[in-house]
Each structure stands twice: as C-alpha cells, then as structure tokens.
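What you see below is based on every heavy atom in this structure, not just the backbone, and it leaves out hydrogens, waters and symmetry mates. If you read the sequence from its start, that first residue is 1, and numbering goes on from there.
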Amino acid sequence: MAFVDETMNAWVVDEPGPLPSSPIRWNLRPVPRQSTGELLVRVLACGVCRTDLHVVEGDLPVRTRGVVPGHEVVGEIVACDPANTGFDVGERVGVPWLRETCGHCEFCLRGKENLCPRSRYTGWDADGGYAEFLTVPAGYAYRLPGGYSDAELAPLLCAGLIGYRAWRRAEVPVGGVLGLYGFGASAHLTAQVAIASGARVHVLTRAARARELALDLGAASARAAADEPPEPLDSAVLFAPVGELVPVALAALRRGGTLAVAGIHLSDIPALDYHRHLFYERDLRSVTANTRADGLDFLRFAGQHRLRVTTTPYRLDRADAALRDLAADRVDGAAVLLPGG
Ligand SMILES: [Zn+2]
Ligand SMILES: [Zn+2]
C-alpha cells in the first residue's frame, strides 16, 4: 500500500520549555498508518494556535512524549476505507483539536462531549498537523465549506470554532452589545460572526494594528485593552490569556451580563470585588474546547457568510519562527503553516 514505510518531515516536542530553549525539533518520521475507522490525511495547511504554544512551552502537561503539535489542519485524504469511514480518498477535510470522546459518559450523553473526561486531542494526545501527514478518526473530521483557500480554512478549525463556542457561551442578546478583549486569530473571526448575527461589537486590545483590523471588519469601536468601552456591554469574550482583564471586563458589563473566557490557559485572576464585578447577576464562564455540533454549526455559518480570514503564511519548516512570532504578538490574524512552501 502507498505511504507505508515512507518517511515524512514533522516537528516534535522534545522537552517542553520556553521557546529560546528550542523545545521542538524538525525531524524525519515514518508516515503514520490509519487504523480502522481513521483517515490518513496529507496536510495542505495547518494553523498555529496559541494552544500549540502552551503544549510546546509546557503550560499544558505532557500527555504524549514526542508529540507532533498542530490542530487546525486542512488536508486531503490519501487513504481510508470508504465503507467504515464515510469518506473517500481525495476529499478535503478539516482536523480539529477534539479528536475522540468516549461516547457513553454522562457528558457525552448530555450533548456536552467537550467535557468528556476521556476526551483526546489532536496535537496533544495524538500527533497533529506540524507534519506532512497525520491520521484522524473519521467521526471527528469535518467536511469543509467551499469558497475558501486551504490557508483560510485552517484557522477556522480552532480559532474560529472556539470563538464560535465562546460567542454562544457569552449569550449575546438579539441586537445586543458585545465586547471582545484581545483581537487575534480567534477574535477577528468571532467579531464577524457576532456582527453578521446583529450584535454591535466593541474591541479592546493592546496592538494598534489589531484595532485597525477590528474597525475594518466592522467593529463599532476599538480601544486599548484596559479602556472602558463606549457603552456598557451585554456580553463579553476574553480572548487575551490575561487574568487581569477579568475584573476589567466584568466591570464593563451591564446587569445580567455574561463574560466568557475563551482560552485554555489564563494567568491568575486578581481578587474580585463582589459588588463591582459580580453582583446584579453578572456571570463569569469558561469555555472548554467544543462539541462536534458546534463545529458543524460554525462551518455551516462560514459556508453561508463569507468570513474574511486574515492569515500570515509560513513554510512548514519554519514552524518554530511562527511560534516565536505568535508569542511576541507579531502575527497578523492567524499564522498558517504550508508544507508546499
Ligand atoms: Zn464521554
Ligand atoms: Zn487551538
């Protein structure tokens, strides 16, 4: 069979640590083999997500030694069994963060598979897309909307999807006012979803270029991260992994407002003042991964509303540079790795 015994280039996490200690290594590995029910996918594009930084730098505990990071993968199926996967060779698919759930725990049965204690993740538990090939269980791969390039689709698979769940968790009322704290890959997509759904969006973020992009995409205002928005917020999403912004965003909410924290990792939250930050039934919520239903809904939305996806391309063999640029906030929109060069 094709690909068996062949090798591929891949980045592996040797010893997680700060980026200057070169925690990832570019090396040759065997092309993986798909198990029953899995697809073998040739990577066409892989987004670089902040969670990859947390995997590489060790903010997230090691789950698999020598793992290949990357969970915003767009690729072409090069091997699968159509009878037990429902896919065909040659189809373009997306491989997201959520790789597997148990299917029978109380959370899985209640439609909250994102909380499954036995869930597994691409680029953390299993090898991801910082490589030329990867495998994915067919039930967790997505068919992708047309009208987008491979590079544009990649960030939809985590940045877009998690932003979509965070937007839902923030429960913006019809015609309501939404504040977005931080404006990177995820927020620039979420802003477009919210605006297309009728919300007025205020962006609060430190980088001047990101504020320009926000206004360009239709935000009603863009200010520095700790500034007060021009009007009280019904809802807010915190994208910046900065705990100090939690009280800032809570204080900007109206009565009954909701703040959703989108990140998987957040620096310490300072002490909250009950009356200033929480009273009047303001809610503070986290967001944990996403369900497949979120993914299907979001990708359908992206098929119906052409989202503008800002990407900065890197060659696959420059993933280390992409991670450094992301850590230093030097990336416009989403960094995307392209194996083709
Ligand atoms: Zn489960
Ligand atoms: Zn991600």
Side-chain angles (χ1 to χ4, degrees), residues 50-51 53-54 57-61 107 112 114-115 159 162-191 193-195 197-208 210-211 213-215 219-290 294 327-329:
R50 196 164 280 280
T51 300
L53 268 180
H54 299 319
E57 295 205 292
D59 301 319
L60 290 174
F107 302 104
K112 295 186 172 185
N114 59 311
L115 303 181
I162 299 292
Y164 187 78
R165 185 169 181 90
W167 168 71
R168 281 190 161 168
R169 293 275 293 158
E171 293 190 2
V172 190
V174 176
V177 180
L178 173 68
L180 301 179
Y181 289 82
F183 202 74
S186 195
H188 95 284
L189 297 169
T190 308
V193 171
I195 292 166
S197 305
R200 199 155 59 249
V201 172
H202 299 292
V203 169
L204 301 119
T205 194
R206 65 179 173 182
R211 292 198 293 267
L213 176 61
L215 294 173
S221 78
R223 299 183 171 184
D227 283 1
E228 227 177 278
E231 61 185 320
L233 307 173
D234 293 303
S235 305
V237 178
L238 175 58
F239 287 101
V242 180
E244 285 84 11
L245 290 174
V246 168
V248 172
L250 285 170
L253 290 178
R254 307 179 62 190
R255 294 176 177 213
T258 302
L259 168 62
V261 178
I264 193 170
H265 182 80
L266 188 71
S267 62
D268 287 348
I269 301 172
L272 298 178
D273 178 286
Y274 184 61
H275 272 267
R276 268 193 73 204
H277 300 129
L278 288 170
F279 198 60
Y280 297 120
E281 302 197 344
R282 281 168 288 182
D283 284 338
L284 170 59
R285 297 175 163 191
S286 67
V287 176
T288 301
N290 62 274
D294 295 324
D329 269 342

### Task
Answer yes when Asp227 and Arg211 have at least one side-chain N-carboxylate O distance shorter than 4.0 Å, and no when they do not.
no
### Task
Before accepting this row, confirm whether a basic side-chain N of the pair Glu228/Arg223 lies closer than 4.0 Å to the acidic partner's carboxylate O.
no
Which atoms form the tightest heavy-atom contact between [X] and [Y], and what is the distance?
| X | Y | result |
| --- | --- | --- |
| Val201 | Ala191 | CG2-O, 4.2 Å |
| Val237 | Ala262 | CG1-CB, 3.9 Å |
| Ala260 | Val287 | CB-CG2, 4.2 Å |
| Val261 | Leu284 | CG2-CD1, 3.9 Å |
| Ala170 | Ala236 | CB-O, 3.9 Å |
| Ile195 | Ala219 | CD1-N, 3.9 Å |

Any side-chain heavy-atom pair from [X] and [Y] closer than 4.5 angstrom?
| X | Y | result |
| --- | --- | --- |
| Val193 | Tyr164 | yes |
| Val177 | Glu231 | yes |
| Ser197 | Trp167 | yes |

Taking [X] for the side chain and [Y] for the main chain, is one N or O donor matched with an acceptor at less than 3.5 Å?
| X | Y | value |
| --- | --- | --- |
| Asn290 | Ile162 | no |
| Arg255 | Arg282 | no |
| Ser267 | Gly243 | yes |
| His277 | Tyr274 | no |
| Arg276 | Ala251 | no |

### Query
Within a reach of under 6.0 Å around CZ of Arg206, are more than 12 heavy atoms found that belong to other residues, nucleotides or ligands?
no
